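Note that the structure is predicted; figures quoted are calculated from it, not measured.
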Amino acid sequence: MTSMCERGKIGASLHRVSRGHAIGGKPPYLKPFFGMFGYGGAIASMHLGRRALVSSKMRGSKVYTLHLNREALISNSGEKTWKTDGGIRDPLEDEIHISPHGSFTKVEIFELKFKKLDTLLLKSRLKDFYFPYIQCDDLPGTGTGKTIRPVEFQVNGDDLAEIQGGEIGITNFLSCNGPEFVLQLRFLVKQEHNASLSPGSKLEANARLKCVYFPIIKGKENIDRILEKLHEEGCEVSENFDTFSRVSIRRLGRLLPDARWGKLPFMEQRQKKGHRGQVLKRCGLRVKCFVDTDAGFNPTPSKTDLAQHHPFSSALRNFGNKSVGKESNSVSIEIQRGGKPLSLSHLEKEYDEWILQMHDQYDEEVVCGDDEPVLVLNPTNREKLGISSDVVRVHKVIRRKEATWKSGQKIKILKGATGCYSNNIYATLEYILLEGFQGDVGGEARLICRPLHVPEKNGCLLELNGGSARLDICDSLSFPISIIDSEKCQAMDIGEWNLQVGKLRQKALSTIGILNEQELEQLEFYGALPIDATVHAGHAIPKEIVAVIRPASFTSCSDSRRLEQKFIIKEDLEVAMELKFFADEGDNVGSHMYAERIKPSSRNGFHGLYIFSAGSKFPELFNKSGIYAFIFTAFHKDYNSMKCENRVKVLPSTVGKWELILDERSPPYHVRVGSCFPRLSIACFDLYGNRMPFLCTPDFVVKINAKGDMVVKANKMEVDVSINKMSLCISNILIESSKLDHIQPNYEATLKIQEKNKPFSVSIPCLVKPGLLHRVCATSLRLERPLLPGDIIDKLVLEMFDAFGNHVEKGFEVLLSLDGFRFRDRKGLKREADDNGCIDLSGSLEVVKNFGKKACISVEYDGKTFLKKEFQLEERSLKLASEIPCNCAAGSQLENIEFVIVNSEGGVDETVHHDTKAGRSHTLKINSASSVMDEMCHYYFRKGRCIVPHISIPLDQGTFSFQAAYSQHPNLKLDIKVRVLPRVRSHINSVPENDEDGSSGDFSGRILPPSKSPTCLSKNLQALIDSIMNDGKKLGDDASVVALRIRDHEKELETLSIKKEEIEKEILDIQASIGPESLCQLERLDKEKDEILKVVEGKEHTAASVFCQIEKTIKAQELQNLYMQDIVGLVFLLGAVSCNSLSRMFAEYLGEENMLAVVCKSYAVAGSLECYDEESGRIDREQHLHAIANEFGKSIKGRFSVICVENISPYDGELEDPGCQRKLALPPPTLPNGETPQGFLGFAVNMINIDVHHLYTRTSRGHGLRDTLFYLLFGELQVYKTRQDMRSALCCIKHGAISLDGGIMKGNGFLALGDGEPEVRFPVITTQVDQSTSEALRKVSERRLELEGISNQSRNLKKARDRAMKQYTRKRERFSKYLDEKLPLVGGCKLEFEEYISNTQ
């Protein structure tokens, strides 16, 4: 007997001291190589025989022996220690020979359990157990790519590396050559989950998972081939394809034979859906996972499996289970693939992609069928077909599992097959589908089957049309061909098939029945649904409707038998009830009202009752007349559905009311007196609102009431009843009344049609309006004296009546024709009646005709004149109050000529007085064909008198005529004629008064005829003198004309200076009335406008720059260009704002295009801006605005915007400010709580201050710029202080909003983000001014413009005078030089010349 304590206890190993070195490292974890012969060796020995002898030797020691006996081990299994025989001996010679290293362990087994030991099978098993040690392709650190043999194993002298067979070898041989799916896992357990560990230490384990794909080749699974090979080698393998172990585990390179697990959770594909999911589920069965673990995993004592309850074993078995998670309470798992961390979700995704890749590259489901295929391209409904390829081959015959499968064959698909989960499916095989072209790998193979209950017409459809084919699965089903391999698909004989057909017919549904009242009483239900019956509106519907399904054996029988259970199918089916409503018998479509789908229930022992609660949900269902269809449908999962329909017709009840039948028109109806009311149709309804027929024509009255009084009682009308008796038709109701003035201006009334002595009536809102215009009267006309030009008629009202004496309605439009009048309000000739049917022209008409003429106003409508009123104007005449000589010397002047305006009585009309401050302009204009007259010069009337300082007489002899005319009334004119005589000179060197340098202004006298008669001189001398005299006279006259022009310029400059002083004084008077602050505002405003104008002028090729140049030119000329009279201006010049923030935001909101838009009065004016070629339609750039641009050296390119105020739809609400600014009365925005949003500053349209020059600019209808132009541009745009305030008020912003800090919201979900700095803005005026101040500022601005015009005119006159002075100097010097040259030629006759001159003068 010997003890083994000195060698270690059984099951122990000296290598366990280095167990920690075997944790970690690199797979397949082949370190340490082997342990000592321990408990596992003993168990293995006793498994093979009953006794064993273990001999062990270490280097330099004896051989120790140990005798193991199965009975001794079993009898002492309950004790902590046991003893057995042993000994010590010297090594044998053969032992020394085969172990040259000096150490070995030898186990000899006796009394074998096997009668005949299959050594080949043993060698194969040993090779499986120690395969990585025998040959390894991935040993870490080698890097050679060759197979390595870490340990040489021999059995009976045979090297195990040369042994063919074994499960591992066969498995490796039949795996695909594609890439493997390899994961590296690291498991950790911390201190708090293992009390046995020392503080701070960790329990660690590592594992490598290598997934290998075993494809299907030529329709056969390689896993089946593995099982067949193992069976041929004699291995006792009880597994099949479905139960084949998908996980194999090694620990430290040694196979754990009992660790034959199913799929790990991450390999499961149960939750996958659709075609992709089906492919993954099927191909996932072709994957096996080989797990290599290190020493961190604990084995069972027999070392045949992993310890089941060890945390690492549990974590590995649950790896990928989402319910457990990647990190449990005790174990955390680190996942890597290819050296990169991987999450569990990414792991599943990559694993699925790897499977699909292997399937596409290596699987060969079926190479081909046994018949010629039909090629289908792009098949429809691929998901239902179970395919994904664009190409599919359709076969009718295929061979599989040593059997032939043909189209039309009857098959049975067993429960549990893919796609068949509840019951067996009996079907007809129709087609076999193969994906891809022949020779492609990875394609799917599917069986298309038509279930037994699906009719043949609803089965899979294959259509051939020419060279193309179409495949539609319809109601057939698709199964993978693998159901044949798994024997889940079986062929059926004709007998079994007919048996299933019979069962199907027995289960077929027959009819759906609705229980009647007697049957329902047996079930304790009360009230039955009328079956194909007629009831009246108001009939009560039962709370419950009970339906049953009758079998085919059911026939009509007595009521007592119909409720027998055998005639009620109890099968758990679903029945749906749909309730539809049809208006009448002709309604073939109906409308859906209600639907309910329920399962059967039981009552009083009866089963299969379908109880619908439609009556409880619609207790008043039958209140509406019509046809109600109760449609019942029974559904069976295997058979066609069955329907049953029951109709209930509901008729109207008794008469309840009358109502008007509305057509395309709707109340209130509009009618005028003297015309007929529109045709009315009255309908009769019962108590429940159902329409019912009129049985006879009722007796009724028609009247119109308003404000409690009867306005009209109609006696003339036509009445009839429609052919179907459903409508009472009333037409041609004549309306006559003279009482409509009582219901002005709305004319709202009610037409009442009431049946006599009965409560049935119809009240129809209507508008009874006056008729068309019949006559017009002019009232309130008061004239204290005859009219004069410029007078305003204070009181004049035009009353307009229809033929019945009613005033016309508000808004009635007539055309006023004026002759000698003009409208001061600029509302145009078309006028509308006010609330009282009148047109008030008081203060609106101004006399514009001349004195002594007739003025007339007439009212026209539809081409007919209804009123013509004439007025005689008082006589006035223009006369001279000073005498004018009949003869005047050439070049002289008429001075201080006085003109007067004389009235009809002969007195001077002192009312004609020029007063600029009061806005009255009375001037006299002198016109003449002579070039010496300045037509621009006007002279003021003072109390009926006008003094003209001077009028120049021309140099030419003859008759000088000129005309004096009253500027305001040109017909008051006076023509004056003066005879012009030659000018007389005293001697040659006479000097004109106005010659600045003292030389002669009239040089014609310096060449005079000789004192003696021409007969006293020689003929030659006389001819010379005449020639010299004529040439000299011509030169002298030229110089005299220039001298007179200089004098006229001086006179005009003097007149302009006087006028300038008067205007400056007037400006000072106006400024004194409004204060300096407002004047400063005006100056700043003008300065800012000029700065903006400079910016706009710099915008080349724009229409705006041209208009700015035109405006400056107009100012300089002090006249209104006819071309610009109907041009209002540019948008940015028509208003101002109170601060820079508003100016910037308004400009950003409108955009530069709108800011530079041209505003004119009408489309006609806008059309005159451009001219187009009639043939090409292109713009003529030599006409109109483009021509003016060319004059300024500018051009216009691209488009520009024009706004026509006459054609704008104006704001039609009330005005908040009736003053000059005319602000609009817009209601402020309100939040849901009724409060105004915080930060709301107002509406943009009211925050624009209209420019003073355009305060009274009006359209023909009297609308200003605010309620037309700016309402068009801004609408009801709201202004807020900040963006936050604007966002808080979002719920009450309808037409957009802006904020002073840069926010822009244009409404309807449109925002403008970012920022901008617009160049063109509105001018800024910081304070508000009242109406009187605005009017004063307007006058100051106008006077300044007038003053600027005078300054420009004076400047031009001075330039003209300077040019004339230079010209005069040149002409004088030329004349003097001429005399100096010619007089010496006369010689001795000079004295005779002088004498002759003195005598003739």
Side-chain angles (χ1 to χ4, degrees), residues 773-801 807-808 812-834 836-879 900-915 918-925 941 943-944 965-974 1256 1258 1260-1262:
L773 184 63
H774 181 69
R775 62 186 178 90
V776 180
C777 297
T779 60
S780 302
L781 179 61
R782 299 176 184 177
L783 298 178
E784 298 178 355
R785 58 174 176 79
L787 292 176
L788 295 173
D791 281 352
I792 297 172
I793 300 179
D794 295 331
K795 292 289 184 180
L796 176 59
V797 178
L798 301 179
E799 287 192 77
M800 298 180 288
F801 302 91
H807 283 88
V808 298
F812 187 85
E813 189 176 75
V814 297
L815 178 64
L816 302 183
S817 296
L818 302 182
D819 183 13
F821 292 101
R822 76 173 180 89
F823 287 118
R824 298 179 69 241
D825 54 10
R826 299 184 182 179
K827 292 183 179 180
L829 297 176
K830 291 183 179 181
R831 296 297 171 114
E832 295 179 353
D834 58 15
N836 299 316
C838 303
I839 297 177
D840 190 355
L841 299 178
S842 301
S844 298
L845 289 178
E846 181 181 359
V847 180
V848 295
K849 248 196 177 177
N850 294 321
F851 297 102
K853 302 294 183 178
K854 287 185 179 182
C856 175
I857 179 173
S858 60
V859 181
E860 298 178 4
Y861 174 74
D862 198 18
K864 181 180 179 182
T865 301
F866 289 86
L867 174 69
K868 186 173 184 180
K869 185 73 175 177
E870 292 185 345
F871 302 86
Q872 178 65 48
L873 273 64
E874 193 173 356
E875 295 283 349
R876 289 289 186 273
S877 60
L878 176 66
K879 294 186 177 180
V900 295
I901 301 295
V902 180
N903 57 26
S904 58
E905 298 176 356
V908 177
D909 187 358
E910 295 185 356
T911 61
V912 180
H913 182 77
H914 182 79
D915 187 352
R920 295 191 293 268
S921 177
H922 299 280
T923 60
L924 183 73
K925 183 178 181 181
F941 276 101
K943 293 187 177 181
Y966 185 18
S967 300
Q968 279 61 37
H969 301 283
N971 67 318
L972 295 185
K973 58 186 177 180
L974 190 63
Y1256 298 101
R1258 298 287 187 271
S1260 60
R1261 293 180 178 269

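Contacts of D819 classified as salt bridge (charged side-chain N to carboxylate O under 4.0 Å, His left out), with partners at least two apart in sequence or in another chain: K849. E870 meets the side chain to side chain contact (heavy atoms under 4.5 Å, CB included) test with K854, C856, K868; sequence neighbours excluded. Scored by the ring pair (Phe, Tyr, Trp, His ring centres under 6.0 Å) test, F851 finds H969 as partners (sequence neighbours excluded). Residues that satisfy the salt bridge (charged side-chain N to carboxylate O under 4.0 Å, His left out) test with E799, not counting sequence neighbours, are absent from this structure. For H807, the ring pair (Phe, Tyr, Trp, His ring centres under 6.0 Å) partners are F801, not counting sequence neighbours. In terms of the side chain to side chain contact (heavy atoms under 4.5 Å, CB included) criterion, residue partners of D791 (sequence neighbours excluded) are, by chain and number, R785, L787, L788, V847. Every residue meeting the side chain to side chain contact (heavy atoms under 4.5 Å, CB included) condition with E860, not counting sequence neighbours, appears here in chain and number order: L815, S817, S858, T865. The side chain to side chain contact (heavy atoms under 4.5 Å, CB included) check on V902 picks up S877, K879, V900, with sequence neighbours excluded. For K853, the salt bridge (charged side-chain N to carboxylate O under 4.0 Å, His left out) criterion is met by no residue, not counting sequence neighbours. With sequence neighbours left out, the side-chain hydrogen bond (donor to acceptor under 3.5 Å, both in side chains) criterion links D840 to S842. Scored by the salt bridge (charged side-chain N to carboxylate O under 4.0 Å, His left out) test, E832 finds R1261 as partners (sequence neighbours excluded).
In this structure a side-chain-to-backbone donor-acceptor pair under 3.5 Å is present from N903 to E905.
A cation-pi contact links R831 to F823, judged by a cut-off of 6.0 Å to the six-membered ring centre and 45° from its axis.
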